[in-house]
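Following: one structure in C-alpha coordinates, then a few remarks.
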Amino acid sequence: MADINALTALGVTLATALTDAVYVMFTSAVVARRRLPAANWSAIWYTLSSFAVISYTENWIYVGFAAVGSWIGAYASMTFLHRPPRGQAPIGAAPE
(Lines give C-alpha, C1' and ligand atoms only; values in the text may rest on other atoms or scores of the structure.)
Protein backbone atom coordinates (compact mmCIF):
# COMPACT_ATOMS: atom_id res chain seq x y z
CA MET A 1 0.00 0.00 0.00
CA ALA A 2 1.34 3.41 -0.93
CA ASP A 3 1.98 6.08 1.67
CA ILE A 4 -0.87 8.42 2.51
CA ASN A 5 -0.02 12.10 2.59
CA ALA A 6 -2.08 13.65 5.40
CA LEU A 7 -2.23 17.04 3.67
CA THR A 8 -3.48 15.47 0.43
CA ALA A 9 -6.05 13.39 2.35
CA LEU A 10 -7.29 16.53 4.09
CA GLY A 11 -7.37 18.39 0.77
CA VAL A 12 -9.39 15.62 -0.90
CA THR A 13 -11.84 15.51 2.02
CA LEU A 14 -12.26 19.28 2.00
CA ALA A 15 -12.52 19.49 -1.80
CA THR A 16 -15.25 16.85 -1.95
CA ALA A 17 -17.12 18.39 0.99
CA LEU A 18 -17.13 21.74 -0.79
CA THR A 19 -17.97 20.04 -4.08
CA ASP A 20 -21.10 18.46 -2.63
CA ALA A 21 -22.17 21.70 -0.97
CA VAL A 22 -21.71 23.51 -4.29
CA TYR A 23 -23.63 20.73 -6.07
CA VAL A 24 -26.59 21.31 -3.74
CA MET A 25 -26.45 25.03 -4.56
CA PHE A 26 -26.22 24.23 -8.30
CA THR A 27 -29.24 21.93 -8.09
CA SER A 28 -31.19 24.57 -6.19
CA ALA A 29 -30.40 27.16 -8.88
CA VAL A 30 -31.48 24.73 -11.63
CA VAL A 31 -34.76 23.92 -9.86
CA ALA A 32 -35.39 27.66 -9.46
CA ARG A 33 -34.57 28.09 -13.19
CA ARG A 34 -31.90 30.71 -12.45
CA ARG A 35 -29.48 30.43 -15.39
CA LEU A 36 -26.59 32.63 -14.26
CA PRO A 37 -26.32 31.24 -10.72
CA ALA A 38 -26.62 27.68 -12.10
CA ALA A 39 -23.81 28.32 -14.57
CA ASN A 40 -21.61 29.89 -11.88
CA TRP A 41 -22.20 27.06 -9.42
CA SER A 42 -21.49 24.53 -12.18
CA ALA A 43 -18.11 26.12 -12.96
CA ILE A 44 -17.16 26.13 -9.27
CA TRP A 45 -18.36 22.52 -8.93
CA TYR A 46 -16.10 21.23 -11.69
CA THR A 47 -13.10 23.25 -10.50
CA LEU A 48 -13.35 21.80 -6.98
CA SER A 49 -13.96 18.25 -8.15
CA SER A 50 -10.87 18.26 -10.37
CA PHE A 51 -8.56 18.45 -7.33
CA ALA A 52 -10.09 15.38 -5.72
CA VAL A 53 -10.11 13.38 -8.95
CA ILE A 54 -6.48 14.16 -9.73
CA SER A 55 -5.44 13.33 -6.17
CA TYR A 56 -7.19 9.98 -5.83
CA THR A 57 -6.34 8.69 -9.29
CA GLU A 58 -2.73 8.53 -8.09
CA ASN A 59 -3.63 6.48 -5.01
CA TRP A 60 -6.93 4.61 -4.67
CA ILE A 61 -7.01 5.03 -0.89
CA TYR A 62 -7.97 8.70 -1.34
CA VAL A 63 -11.35 7.54 -2.67
CA GLY A 64 -12.28 6.86 0.96
CA PHE A 65 -11.40 10.42 1.91
CA ALA A 66 -13.42 11.65 -1.07
CA ALA A 67 -16.43 9.65 0.12
CA VAL A 68 -16.16 11.08 3.63
CA GLY A 69 -15.88 14.60 2.25
CA SER A 70 -18.83 14.03 -0.03
CA TRP A 71 -20.99 12.88 2.88
CA ILE A 72 -19.93 15.87 5.01
CA GLY A 73 -20.62 18.36 2.22
CA ALA A 74 -24.06 17.04 1.38
CA TYR A 75 -25.10 16.75 5.02
CA ALA A 76 -23.81 20.20 5.96
CA SER A 77 -25.30 21.96 2.96
CA MET A 78 -28.70 20.35 3.46
CA THR A 79 -28.56 21.19 7.17
CA PHE A 80 -27.31 24.77 7.06
CA LEU A 81 -27.88 26.21 3.59
CA HIS A 82 -31.46 25.24 2.83
CA ARG A 83 -33.53 25.68 5.93
CA PRO A 84 -37.17 26.33 5.05
CA PRO A 85 -38.82 29.41 6.51
CA ARG A 86 -40.49 28.70 9.84
CA GLY A 87 -43.87 27.05 9.46
CA GLN A 88 -43.27 26.09 5.83
CA ALA A 89 -42.54 22.54 4.70
CA PRO A 90 -39.42 21.98 2.56
CA ILE A 91 -39.90 21.56 -1.18
CA GLY A 92 -40.78 17.96 -1.94
CA ALA A 93 -42.05 17.17 1.56
CA ALA A 94 -44.94 14.76 1.78
CA PRO A 95 -48.31 16.42 2.47
CA GLU A 96 -49.62 15.94 5.97
Cluster overlap Val24 with Trp71, hydrophobic side-chain contacts below 4.5 Å: no
Residue list, side-chain contact (heavy atoms from CB on, under 4.5 Å) with Asn40, at least two apart or on another chain: Leu36
Exercise: identify the closest heavy-atom pair between Thr16 and Thr13: OG1-O, 3.1 Å
Backbone N/O of Ala43 and side chain of Thr47: donor-acceptor pair under 3.5 Å: yes
Ser28 side, atom OG; Tyr23 side, atom OH - distance, nearest 0.5 Å: 12.0 Å
Ala38 versus Phe26, closest heavy-atom pair with distance: O-CD1, 3.2 Å
Gap between atom CZ of Phe65 and atom CG of Leu10 - 0.5 Å precision: 9.5 Å
With sequence neighbours excluded, residues passing side chain to side chain donor-acceptor pair (under 3.5 Å) with Ser70: Asp20
Option among Thr19, Thr27, Leu18 that satisfies the side chain to side chain contact (heavy atoms under 4.5 Å, CB included) test with Trp45: Thr19
Partner residues of Ile44 under the side-chain contact (heavy atoms from CB on, under 4.5 Å) criterion, sequence neighbours left out: Val22, Trp41, Leu48
Within one Ile-Leu-Val-Met-Phe-Trp-Tyr cluster: Val68 and Ile4, side-chain cutoff 4.5 Å: no
